[in-house]
Amino acid sequence: LSLKFGDVGNLKGLVIRFLLTTSYYELSVQNWFSLHRLQLLYNHSIQATFNATRIYAPASYSYHCEHVSSLQRYDSLLIPSSTNDLSKLWEVTFTDFQIQGFNIQEGHFAYAKDCASFFSPAILMGLVMSLVLLLVLAYALHMLIHLKSLDRHYECKASPVYFAGVKDNDVADEKEPLRSSGNESYELRNQEFCKIYI
């Protein structure tokens, strides 16, 4: 696959050539294509060659990546093939790169396989935060299960002072006259009390 730019400044007949290969993999039971090599041609000869790494997709798909570059900050998917040619003097970067070498229909790209790895920093951070939230939830459930109810430590002999639903006894029933010589005194028949243990 060749992109011809013509004369660009001092570069006569600039061409960027992508060498694509296709292979059948029994494990996936389908054909895959890969970008094998990238060549820069100008002044009517090959001046720089880069080996491509990790640029592949199923043959019925296209390949997409935000950056395909020879620079380290973009993961260096393009590696100079030799230190003897001019490849080391070039810095090549494609932005919003998408390529499809085979099974092209109606001049449109097929569904794209993206270069973003499964364990990108954002995904890893999301997994870590999910783990932290699960631990907090498990700790909260553990505390709720082992929480001792106040009812188990609440012992109260029903008193009409604290519980309005209890029927008040007749005043005559609550008092019992004490027999003594000359003086009349009363004693409460029901001595009710509450105890709260915490």
Side-chain angles (χ1 to χ4, degrees), residues 1-139 141:
L1 178 65
S2 296
L3 299 178
K4 298 180 180 180
F5 295 93
D7 296 341
V8 179
N10 295 328
L11 306 179
K12 304 299 181 183
L14 175 63
V15 176
I16 299 178
R17 182 183 294 169
F18 302 93
L19 281 75
L20 300 163
T21 60
T22 181
S23 302
Y24 178 78
Y25 292 97
E26 294 182 0
L27 188 62
S28 62
V29 197
Q30 62 181 335
N31 288 318
W32 287 63
F33 81 89
S34 61
L35 178 59
H36 180 63
R37 187 170 294 159
L38 181 139
Q39 295 175 337
L40 296 177
L41 294 81
Y42 56 93
N43 299 334
H44 308 292
S45 63
I46 297 175
Q47 301 293 334
T49 303
F50 296 87
N51 292 328
T53 60
R54 295 178 285 139
I55 301 177
Y56 52 83
S60 58
Y61 287 48
S62 64
Y63 174 87
H64 176 265
C65 196
E66 188 65 30
H67 294 97
V68 171
S69 176
S70 61
L71 301 178
Q72 186 67 35
R73 67 173 177 266
Y74 296 129
D75 293 336
S76 298
L77 296 178
L78 301 175
I79 301 172
S81 61
S82 174
T83 57
N84 298 327
D85 62 7
L86 298 176
S87 301
K88 61 182 180 179
L89 302 178
W90 281 81
E91 293 181 353
V92 179
T93 301
F94 295 97
T95 303
D96 197 17
F97 179 82
Q98 189 167 0
I99 191 170
Q100 182 177 350
F102 309 96
N103 300 325
I104 300 172
Q105 297 179 358
E106 299 179 359
H108 297 289
F109 284 117
Y111 179 82
K113 175 189 176 293
D114 204 271
C115 65
S117 62
F118 180 73
F119 290 105
S120 64
I123 293 175
L124 285 176
M125 183 60 68
L127 290 174
V128 169
M129 291 303 298
S130 299
L131 180 61
V132 170
L133 290 175
L134 283 175
L135 289 175
V136 170
L137 179 62
Y139 179 74
L141 288 175

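Bear in mind the structure is a predicted one, so any value in this text is a computation, not a measurement.
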Distance from [X] atom [atom1] to [Y] atom [atom2], nearest 0.5 Å?
X      : Y     : atom1 : atom2 : value
Leu35  : Tyr56 : CG    : OH    : 13.0 Å
Leu77  : Phe97 : CG    : CZ    : 9.5 Å
Gln105 : Ser60 : CD    : OG    : 9.5 Å
Glu66  : Asp75 : CD    : CG    : 12.5 Å
Leu38  : Ser81 : CG    : OG    : 10.0 Å
Leu20  : His36 : CG    : NE2   : 10.5 Å

[X]: side-chain hydrogen bond (donor to acceptor under 3.5 Å, both in side chains) partners, not counting sequence neighbours:
X     : result
Gln72 : Ser76
Ser62 : Gln98
Thr53 : none

Notebook entry, point to check: Mind checking whether Phe94 and Phe18 have ring centres under 6.0 Å apart?
Noted result: yes
Non-hydrogen side-chain atoms of [X] and [Y] separated by less than 4.5 Å:
X      : Y      : result
Asn31  : Tyr25  : no
Phe102 : Gln100 : no
Leu3   : Phe5   : yes
Thr95  : His67  : yes
Leu40  : Leu11  : no
Pro58  : Lys113 : yes

Check: Any sub-3.5 Å donor-acceptor pair from Ser87's side-chain atoms to Thr49's backbone N or O?
Finding: yes
Checklist line | Greater than 12 external heavy atoms within 6.0 Å of Asp7's CG | finding: yes
Can you see which heavy atom on [X] is nearest to which on [Y], and at what distance?
X     : Y     : result
Ala57 : Tyr63 : CB-CB, 4.2 Å
Ala52 : Ile55 : CB-CD1, 4.0 Å
Lys4  : Val15 : CG-CG2, 3.9 Å

Check: Is the Trp90 ring parallel, tilted or perpendicular to the Tyr42 ring (thresholds 30°, 60°)?
Finding: tilted
Note to self: Val92 vs Ile16, test: side-chain contact (heavy atoms from CB on, under 4.5 Å). Steps then yes/no.
What the structure shows: CA-CA 11 Å; Val92 179; Ile16 299 178; over 6 Å; no
Margin query: Under the criterion side-chain contact (heavy atoms from CB on, under 4.5 Å), I'd like the reasoning laid out for Phe109 against Ile104: C-alpha separation, chi angles, the key distance, then a yes or no.
Written below: CA-CA 7 Å; Phe109 284 117; Ile104 300 172; over 6 Å; no
